[in-house]
Amino acid sequence: MSQFWKPGAEKPRILDDEEGGVLFLASSLSSSSSGYGYGSIEKQRLRLPVYKYRTAILYLVETHATTIIVGETGSGKTTQIPQYLKEAGWADGGRVIACTQPRRLAVQAVASRVAEEMGVKLGEEVGYTIRFEDLTNSGVTMIKFLTDGVLLREMMDDPLLTKYSVIMVDEAHERSISTDILLGLLKKIQRRRPELRLIISSATIEAKSMSAFFQTSKRHQGLEADDGPRKDPAILSVEGRGFNVQIHYVEEPVADYVRAAVSTVLSIHDQEPPGDILVFLTGQDDIDATVQLLTEEAQANGKNKGLIVLPLYSGLSRAEQDLVFSPTPRGKRKIVISTNIAETSLTLEGIVYVVDCGFSKQRFYNPISDVENLVVAPISKASARQRAGRAGRIRPGKCYRLYTEEYFVNEMPAQGIPEMQRSNLVSCVTQLKALGIDNILGFDWPASPAPEAMIRALEVLYSLGVLDDDAKLTSPVGFQVAEIPLDPMIAKMILSSSQLGCSEEIITIAAVLSIQSIWVSTKLQKELDEAKLRFAAVEGDHVTFLNVYQGFLRSGKSSQWCHRNFVNYHAMKKVIEIREQLRRIALRIGIVLKSCERDMLVVRKAVTAGFFANACNLEAYSHNGMYKTVRGSQEVYIHPSSVLFRVNPKWVIYHSLVSTDRQYIRNVMTMDPSWLTEAAPHFFQYQRPDPIGH
DNA sequence: GAGCACTGC
């Protein structure tokens, strides 16, 4: 491979664009150098679109502190660029090349692919780290894949990330909270470590704003010192290798996208050649309705024989999700009706047609009421393109958009709102504080969150005793909370359990609260309710979780036991895993591991210490179970899934709140109001001088 | 008596 550009060699031809970024125009190499006697993996590597840009990428990374690579799916950037860097010597001298991904599955898949291409054992030269799993060998691993959340955690031990020579942040266009925090911090690190190189890889042409973010102040421009890289980011664009997808729009806006989706699917089935169909809708309700309607109409038309209609959303059991991946039998057409999960998280093979309703459920946070809501909202153009691209993976496809072209062009937003601007920031602020970022309001974010959200987060953390009057982390509580990889309210609950002597129980509760649900998703609602009753505790859902966990342990962690009791076996295994991680961290930060045996009073006090802000009082004379929150006097109701539903104790504390027609509180526990002033005297003095006196 | 887009540490 001597023909490739290496650091120090004569530079390839480049052209500066008017913004000071560097745009690579032509490579002197073409991909025609493939074909002599390489193994098939090697041949495949040479055929990837990114291969043509190998020299350019290495040159830009050598000469620029930050390189932004815009690459469509199938360009090969994720698997190839780390290898190019290694071949060019960026992993010499014990240094490591890092590549981050937003999702665990992607980390594992990419790492094993790269290990295979390099002919090495996974966990040696090529490794990966995700929560609960570290497959790296320190001193040996040269290329390391990891989730961006794990890299953020690594910064708590090594703030300058000194072992890495190059950090590639992949899928940056998704703008998850951890990607955004990471980008902000990496920009800071760059100032302290000029030898560090960043590669920001993104699927959309948002590169300009990303470039502006990494652009350092004007006076540095043009000062190209011989001993350092250029400070202005380079931008390089790599084409993808997807097939052409023809876009169809509706001529008039549709009133009901469920009906529109059904009729679109039926006409594709009627008129188009074989190929599976993927339909994007917003949620479980829409999807179940569509599956039913489609099955009925197909039956009525006598077309049901050729159709396999399958729902897809994260709430389905593993077995139900796996159905979607089974190959379509000859002569049949598979129709997958899915949430956003199929946009990025899962990739289906064999899709030729996509139907896109133009909406998805998105989280929005209201810092004034401190409530996170799930709202059906229009998707962005970037999402619409991503959805359409799902039709072009195996051959040219078609995408049917259930909105007008006029709407797409003129009204659909180009990019979605970054998650940072739609979320509660309590965890995010704690993490930054732990990394020594004192001036949170002045932090240089890729997208600044609302000041109200920031102030609300500071208030909550102050009331938890995580921050002091100067908004600095308290010692030891604040630092301990930051070490625990969970929501600060949960972390505070764990810390309090140490003093109350019930940490074993509270850690179990923390683990259960941090997974989706320990119950199986089933249509047998009555049976599920009956199963729940077998574990129900008068103290509420938290203690009920302890009963389930005890039962699971006594059964010898049996999957049959889970099945009999409508408990989700995979969820329980995850609970065990999270418990183990939390116990390790607890020992490290000096929490006393102790069981309170059957004393649920201390367990409830520990929960209150974290969740006092979620205290509610049953309205006197309320016959319909209406509660008011102590903090904001909001009307709330106990969710029917709670064991305290219809029990309606006078005082409760909840873990989370969901808004639909009503505000429902989920995971609810009974408590005594005198604990509130005990847990957070300042908070309740400030909010309401005497919460107990009525 | 009713509802949970999707990730991640």
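Convention: sequence-line order gives letters A, B, ...; per-chain numbering from 1.
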Residue A:Arg103, side-chain atoms from C-beta onward, closest of B:dC6, B:dC4, B:dG8
B:dG8

Would you kindly compare A:Ser360 and A:Asp487 by the position of their nearest DNA chain B nucleotide and give the one closer to the 5′ end?
A:Ser360

Select one nucleotide: of B:dC4, B:dA2, B:dC6, the one nearest the side-chain heavy atoms of A:Ser314.
B:dC6

With respect to the side chain of A:Val658, which nucleotide from B:dC9, B:dG1, B:dC4 is positioned closest?
B:dC4

Give the rounded distance in Å between these two atoms: CG of A:Leu281 and C1' of B:dC4.
17 Å

Please work out if A:Leu152 contacts a base, only the sugar-phosphate, or nothing of the nucleic acid, heavy-atom cut-off 4.0 Å.
nothing

Rounded distance in Å - CD (A:Gln101) to C1' (B:dC6)
16 Å

Does any part of the side chain of A:Leu657, heavy atoms only, come nearer than 4.5 Å to the side chain of A:Asn614, both counted from C-beta?
no

Are A:Gln525 and A:Asp529 linked by a side-chain donor-acceptor pair shorter than 3.5 Å?
yes

To the side chain of A:Arg104, which of B:dC9, B:dA5, B:dA2 is closest?
B:dC9

Would you say A:Thr339 places a side-chain N or O within less than 4.0 Å of OP1 or OP2 belonging to B:dC6?
yes

d(CG, A:Asp180; C1', B:dT7) in whole Å:
14 Å

Would you check if there is a donor-acceptor pair between the side chains of A:Glu343 and A:Ser383 at a distance under 3.5 Å?
yes

d(CZ, A:Arg131; P, B:dG8) in whole Å:
10 Å

Give one of base, sugar-phosphate or nothing for A:Gln516, where a contact means two heavy atoms less than 4.0 Å apart.
base

Selected nucleotide, minimal atom distance to A:Gln525 side chain, candidates B:dC9, B:dA2, B:dG1
B:dA2

Which nucleotide sits closest to the side chain of A:Arg363: B:dA2, B:dG8, B:dA5?
B:dA5

Length of the line joining A:Asp134:CG and B:dC9:P, which is rounded to integer Å:
12 Å

Rounded off to whole Å, could you give me the CG-to-P distance for the A:Asp529 and B:dG1 pair?
13 Å

Counting any heavy atom closer than 4.0 Å, what does A:Thr147 reach on the DNA or RNA strands: base, sugar-phosphate only, or nothing?
sugar-phosphate

Check: A:Asn624 side chain, B:dG1 base, donor-acceptor under 3.5 Å
no

How would you label the contact of A:Phe132 with the nucleic acid (heavy atoms, under 4.0 Å): base, sugar-phosphate, or nothing?
nothing

Given atom CG of A:Leu582 and atom P of B:dC9, what is their separation to the nearest angstrom?
13 Å

Could you work out which one of B:dC4, B:dC6, B:dC9 sits closest to the side chain of A:Pro485?
B:dC9

Check step by step if side-chain hydrogen bond (donor to acceptor under 3.5 Å, both in side chains) holds for A:Tyr403 and A:Asp356.
CA-CA 9 Å; A:Tyr403 37 92; A:Asp356 170 17; 2.7 Å; yes

What is the distance, to the nearest angstrom, from the CG atom on A:Asn340 to the C1' atom on B:dA5?
6 Å

Centroid-to-centroid, A:His655 to A:Phe611, below 6.0 Å?
yes

Does any donor atom in the side chain of A:Asp288 or A:Tyr313 lie under 3.5 Å from an acceptor atom in the other side chain?
yes

Side chain of A:Gln284 - closest among B:dA5, B:dA2, B:dC9
B:dA5

